[in-house]
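Structure below; questions to follow.
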Amino acid sequence: MSAQPGIDRGHTDDLMSFLRASPSPYHAVASAAERLEKAGFRRIEETAAWDGAAGGRFVLRGGAIIAWYVPEGAEAATPYRIVGAHTDSPNLRVKPIPDTGAHGWRQIAVEIYGGALLNTWLDRDLGLSGRITLRDGSHHLVSVDRPLLRVPQLAVHLDRSVNTEGLKLDKQRHMTPIWGLGGVEEGDLIRFVAEEAGVAAEEIAGWDLMTHSVEPPAYLGRDRELVAGPRMDNLVSVHAGTAALIAAAHQEPPYIPVLAAFDHEENGSQSDTGADGPLLGTVLERSVFARGGAYEERARAFAGTVCLSSDTGHAVHPNYAERHEPGHHPRPNGGPILKVNVNQRYATDGAGRAVFAAACERAGVPWQTFVSHNSMPCGTTIGPITAARHGIATVDIGIAILSMHSARELCGAQDPRLLAKALHAFLGA
C-alpha cells in the first residue's frame with residue numbers, strides 16, 4: 001500500500017526528544033513514566049495492596065514498565081488490549097571490574113550486549129548511561145551525554161586487506177573503548193560516575209552501565225523524509241505505545257488498554273524484567289483480583305485479550321534486495337508492517353491479521369506485510385513468548401527500518417506517527 005502524502009512532524013519531533021532522553025532502558029522507562037504521570041496515571045508499588053478503582057496506573061521494575069487504564073464500570077473479567085514492546089538495544093556494557101588499559105592508554109572493559117553490529121561502534125563518540133545502586137538499596141540514573149569513550153579502528157595502513165577481505169573484529173580484543181591516557185587506576189571509572197551522579201563513590205554498591213552514541217537523532221534526506229537515530233529498535237514502539245495508551249485512556253474504551261515494555265529482549269527475554277518472566281502475567285492477574293475477580297474471571301479476561309507485539313522489522317535494502325523475500329518489500333513511510341512467520345518466530349496468524357487490519361482501517365493508516373526470505377534465518381520478538389507464556393492471542397507488528405542493531409538506525413519520518421495512530425485505534429476501539 002502506498003504512503004499517505006505529506007509528513008506531520010509533530011510526533012516524530014517528540015520521538016526524537018524521547019530518544020535523546022532515553023540512552024538506557026532505565027532512562028526509557030523513566031521517560032515513559034514521566035509522560036504517564038503528566039496524563040494522570042499514578043505509580044503503584046508491587047509490594048503494596050492494589051485497589052480496583054478506575055484510572056491509570058503503572059508499575060516500574062528495572063528497565064521494564066507495565067501501564068494500564070481501568071475504565072469506569074470495568075468488570076473483573078473485562079479483557080485487555082496490550083501493546084508489547086522492549087526497552088533495550090544492543091550496545092557495549094561495562095564489566096564488573098571496568099578499569100583496564102595498555103601501552104599508556106586508559107580503557108574501559110566492556111561486554112557485548114545483544115546482537116550489536118560491532119563495526120558501527122567504531123570511531124564513534126560515546127557517552128555512558130544506566131543506573132547505579134547505593135548501599136541503602138536506592139537506584140540513581142546516570143547519563144554522561146558527551147564524548148567520553150571511543151573504540152578506535154585500526155588504520156588502513158596497518159590492515160591493508162580490510163577493504164578487500166572485510167573487517168574482522170574480535171569481541172574481546174578489539175572492542176575495548178579508550179577514555180584517556182595514563183596508567184590504570186582501580187576504581188577510577190566508578191569514582192568518575194559517582195562525581196557525575198553527585199554521590200560518594202564508597203556508597204556505590206552496584207552498577208548497570210552502558211555506552212550510547214552521543215550524536216542526536218536527526219532528519220535525513222533531501223526532503224527530510226527519513227530519520228536517523230539511536231535505539232529506534234525498539235524505543236519507537238515504546239514511545240508510540242505510551243502515546244497511544246494516554247490517548248486511549250481519554251476515550252473510556254471497552255477494553256482495559258495496557259502498555260507492556262520489557263527489558264532484555266535482545267538477549268532472550270529470560271529475566272525478571274523480560275517478556276519471558278512473570279511480570280506481565282502477575283500485573284494482569286492482580287488487576288483482575290483487585291476488581292473482585294477470581295481464577296474464573298482471570299481466565300475469561302485472558303481468553304478475550306489481544307496483544308500487539310510492536311518491534312521494528314526490515315525495510316527492503318536497495319543495495320541488498322536479493323536478501324529480502326521478493327514478494328514482500330516493506331518501504332519507509334509505507335505504514336506499519338505486519339510480521340508473519342509460519343514457524344512461529346512471529347506469533348501472527350490469520351485472525352491476528354484481521355485485528356491489525358481493522359485497527360489500521362479505523363486509524364486511516366496504510367500498512368504492509370513482512371516475511372523473511374526462505375533462505376534467511378528469521379529473527380523473533382516478545383510476541384511468541386507472550387502468546388505461549390500467557391495464552392494470549394498475539395500479533396507481531398512494527399515499522400520497517402534499515403541498519404537494525406546498528407548504533408544508529410534509519411526509518412521513514414512518517415512511520416512512527418502512523419504506528420502510534422494504529423496502536424491508538426487498537427487500544428481505544
Side-chain angles (χ1 to χ4, degrees), residues 18 21-22 24-87 131 133-134 136-141 238-239 241-253 255-264 271-295 297-298 301-302 305 307 382 386 389-390 392 423 427-428:
F18 186 83
S22 306
S24 77
Y26 312 106
H27 289 83
V29 298
S31 297
E34 181 181 5
R35 290 161 182 253
L36 290 165
E37 286 182 326
K38 287 181 179 178
F41 286 68
R42 60 185 175 90
R43 179 178 179 179
I44 57 176
E45 299 296 333
E46 293 184 78
T47 54
W50 293 6
D51 64 65
R57 300 166 177 77
F58 64 90
V59 167
L60 291 181
R61 184 193 289 185
I65 183 170
I66 311 290
W68 66 102
Y69 181 83
V70 179
E72 290 285 350
E75 299 178 352
T78 298
Y80 299 94
R81 283 286 177 102
I82 304 169
V83 170
H86 68 87
T87 62
R131 69 175 182 180
T133 303
L134 304 189
D136 63 6
S138 63
H139 303 298
H140 295 259
L141 297 182
V238 176
H239 175 261
T242 302
L245 175 60
I246 291 170
H250 294 299
Q251 297 177 295
E252 294 294 320
Y255 306 98
I256 296 174
V258 180
L259 169 68
F262 301 100
D263 201 354
H264 301 133
S271 72
D272 71 320
T273 54
D276 204 17
L279 182 58
L280 176 61
T282 299
V283 168
L284 299 184
E285 287 176 350
R286 290 186 68 178
S287 180
V288 169
F289 300 155
R291 295 194 304 279
Y295 183 81
E297 287 74 24
R298 179 263 189 211
F302 277 41
T305 293
C307 174
I382 65 166
T386 302
R389 183 170 183 85
H390 306 293
I392 289 173
L423 296 181
L427 291 179

Check: For the side chain of R61 and the backbone of D272, is there at least one donor-acceptor N/O pair under 3.5 Å apart?
Finding: yes
Check: Are side-chain N/O atoms of E285 and Y295 paired as donor and acceptor at under 3.5 Å?
Finding: no
Check: Of all heavy-atom pairs between H27 and L141, which one has the smallest distance, and what is that distance?
Finding: NE2-CB, 3.7 Å
Check: Does R57 reach the side chain of W50, with side-chain heavy atoms less than 4.5 Å apart?
Finding: no
Note to self: Could you check whether any side-chain N or O of R389 sits under 3.5 Å from a backbone N or O of G277, counting only pairs where one atom can act as donor and the other as acceptor?
What the structure shows: yes
Margin query: Minimum heavy-atom separation for V70 and G52, please, with both atom names.
Written below: CG1-O, 4.4 Å
Notebook entry, point to check: If you measure from CD1 on I44 to CG on L60, what distance do you get to the nearest 0.5 Å?
Noted result: 10.5 Å
Checklist line | Whether E297 side chain and A294 backbone form a donor-acceptor pair below 3.5 Å | finding: yes
Check: Does S22 reach the main-chain N or O of F18 with its side chain, forming a donor-acceptor pair under 3.5 Å?
Finding: yes
Note to self: Using 0.5 Å steps for rounding, measure from the CZ atom of R81 to the CD1 atom of I256.
What the structure shows: 12.5 Å
Next item on the list: Kindly indicate whether the side chain of F262, heavy atoms from C-beta on, has any atom under 4.5 Å from the side chain of L280.
Entry: yes
Item checked: Separation between CZ of R43 and CG of L36, rounded to the nearest 0.5 Å -> 12.0 Å
Checklist line | Pairwise distance CD1(I82) to CH2(W68) - rounded to 0.5 angstrom | finding: 12.0 Å
Checklist line | Separation between OG1 of T273 and CG of D276, rounded to the nearest 0.5 Å | finding: 11.5 Å
Check: Got more than 12 heavy atoms from elsewhere within 6.0 Å of CD, E75?
Finding: no
Notebook entry, point to check: Looking only at heavy atoms, which two atoms of A76 and A301 are closest? And how far apart?
Noted result: O-CB, 4.3 Å
Note to self: Has E252 got a side-chain atom pairing as donor or acceptor with E72's backbone, closer than 3.5 angstrom?
What the structure shows: yes
Notebook entry, point to check: Measuring from T305:OG1 to H390:NE2, what's the distance to the nearest 0.5 Å?
Noted result: 11.0 Å
Checklist line | Side chain to side chain, Y80 and V288, heavy atoms closer than 4.5 Å | finding: yes
Next item on the list: Compute whether any side-chain donor of one residue and acceptor of the other, for H239 and T242, lie under 3.5 angstrom apart.
Entry: no
Checklist line | Plane angle bin for Y69 and F41 - parallel if under 30°, tilted between 30 and 60°, otherwise perpendicular | finding: tilted
Item checked: Closest approach of L245 to V258 (non-hydrogen atoms, all atoms of both residues) -> CD1-N, 4.2 Å
Item checked: Student check: side-chain heavy atoms of L279 and E46 closer than 4.5 Å -> yes
Item checked: Shortest non-hydrogen contact between P253 and L427, atoms and distance -> CB-O, 3.7 Å
Item checked: salt bridge (charged side-chain N to carboxylate O under 4.0 Å, His left out) partners of R291, counting only residues at least two apart -> none
Next item on the list: Grab the two heavy atoms, one from I65 and one from A32, that are nearest each other, plus how far apart they are.
Entry: CD1-CB, 4.3 Å
Checklist line | Expected output: side-chain T87 to main-chain G63 donor-acceptor under 3.5 Å | finding: yes
